[in-house]
Amino acid sequence: MKISAVNNFKYSNYGFYSSVKPKQSPSFSSLKLKNDENNYSDTCFYRDADTLDCAATLLKKTFPKGTDILDFASSNGEEAISLYSLIDKSNGKYKIYCFDTSDRAVELGKKGIYTVFYPMSYDYLLLPEFSMLDDSNTREIKSKFYSVMEETKNPSYEINDINYLCQLERSPYFKIKYYKLKDEHKDKIEINKGNINNIDKVLPNKKVGAVLFRNAMYIETGNFSANEFSFNEDLNINKKEIIEKIVDKVYEKLLPGGLFILGDIEKDHVYIADNHVNDKDKLFVSDYCTFIYKNSPLWEALSKDGRFEPVLYKNVDAPLILGKEQKVPTIWRKK
Ligand SMILES: C[S@@+](CC[C@H](N)C(=O)[O-])C[C@H]1O[C@@H](n2cnc3c(N)ncnc32)[C@H](O)[C@@H]1O
């Protein structure tokens, strides 16, 4: 896996005015909640596996004897299980503490049974039925998954939205399986309700090797995609201030060499300008008739005073403003 450090974070250096046409990404998810519940908790196993794999490699190298990991915005825990499975467990002691603000996601995570289904999910390749499609990467990920997970029975409680599953069942190719962590790994992943803004209150007097906050900074800042913003966005929210507070606290919580791990979706990195941004700090994006922060407030907060350095750049998922081939830094290391 290529790990590179790049030190210029301005969007404008990424070919900003590319005339990328709007693309509506379908919402695939193995955690599909009911309509009246928080519908931001979508997740799946091995979402952005490149970032998780690179993080696992760096963690093993930097903390060979193990370390604590804080996974904020963990949803039901599929992300933490994926990362845990990628860390070699033979010589290290790694424990992942998961936190999410959604009661429902935490409740499901605590119950500990997960679904993998086909169609309409990213992680269906984990199903043994699809092994004829496996390339070597998928085979490797699958073997990591089955090293920590085992099949179990359909539980009596509802995991996925039943109406949604009924629709999928109409496909002649519909498949679903239920999984749980093997007993020997159960105590390595703990799921509780929690908010990243209270990270300083978690594991008091202890610093950690990694903090994850993937695909959630946009929720915390109310930052929508360029094609969504005009309908929903509250422009009175001071996004820069919110981000700076979180980054400061994450910095304090990490050990030297510790990692801050972010999502690869554009709205976690590119911010629609709110009412607190000066004109000189805005850029107009004609494709979406909207202003954005000229420089990503997230990247600025992280690189301030050289506190963090980016160690992995990923092609952006679901690009609207940045072009398809453009990259976003998903792993930052505390110097
Ligand atoms: C889109 S899901 C992402 C789940 C997972 N990180 C992933 O990338 O697959 C976003 C999750 O962030 C949670 N969330 C939003 N703001 C949060 C905060 N301040 N602290 C902890 N969790 C938060 C939501 O409840 C939701 O479950």
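Excluded from the calculations below are hydrogen atoms, water molecules and symmetry mates; all remaining heavy atoms, backbone and side chain alike, are included. Whatever order the structure lists them in is the order used to number ligands and atoms, beginning at 1. Small disclaimer: the values here were computed from a predicted structure and weren't measured.
Residue contacts with ligand 1: Y218 is placed with no nitrogen or oxygen under 3.5 Å of a nitrogen or oxygen of the ligand (distance criterion only). Ligand 1 has an N or O atom lying under 3.5 Å from an N or O atom of N215, backbone or side chain.
Residue-ligand proximity: G194 is placed with a non-hydrogen atom under 4.0 Å from ligand 1.
Residue nearest to atom 5 (C) of ligand 1, selected from A80, C44, S75, A73: A73 (by heavy-atom distance). When the heavy-atom distances from atom 3 (C) of ligand 1 to D42, T43, D100 are ranked, the shortest goes to D42.
Residues meeting the ring pair (Phe, Tyr, Trp, His ring centres under 6.0 Å) test with Y97, sequence neighbours left out: none.
Donor-acceptor pairing under 3.5 Å is recorded for the side chains of N192 and K110. For the residue pair D53/Y46, the side-chain donor-acceptor check at 3.5 Å is not satisfied.
Other residues, nucleotides and ligands contribute over 12 non-hydrogen atoms within 6.0 Å of the OH atom of Y157.
Residues D200 and K253 are not paired through a salt bridge, judged by the lack of any N-O separation under 4.0 Å between the basic side chain and the carboxylate. Taking 4.0 Å as the cut-off between side-chain N and carboxylate O, K304 and E300 do not count as a salt-bridged pair.
Taking every non-hydrogen atom of S102 and a distance limit under 4.0 Å, the qualifying atoms of ligand 1 come out as 25 (O). Distances below 4.0 Å separate heavy atoms of A216 from the following atoms of ligand 1: 12 (O).
Contacts of I219 with ligand 1, taken as heavy-atom pairs under 4.0 Å, involve the side chain alone.
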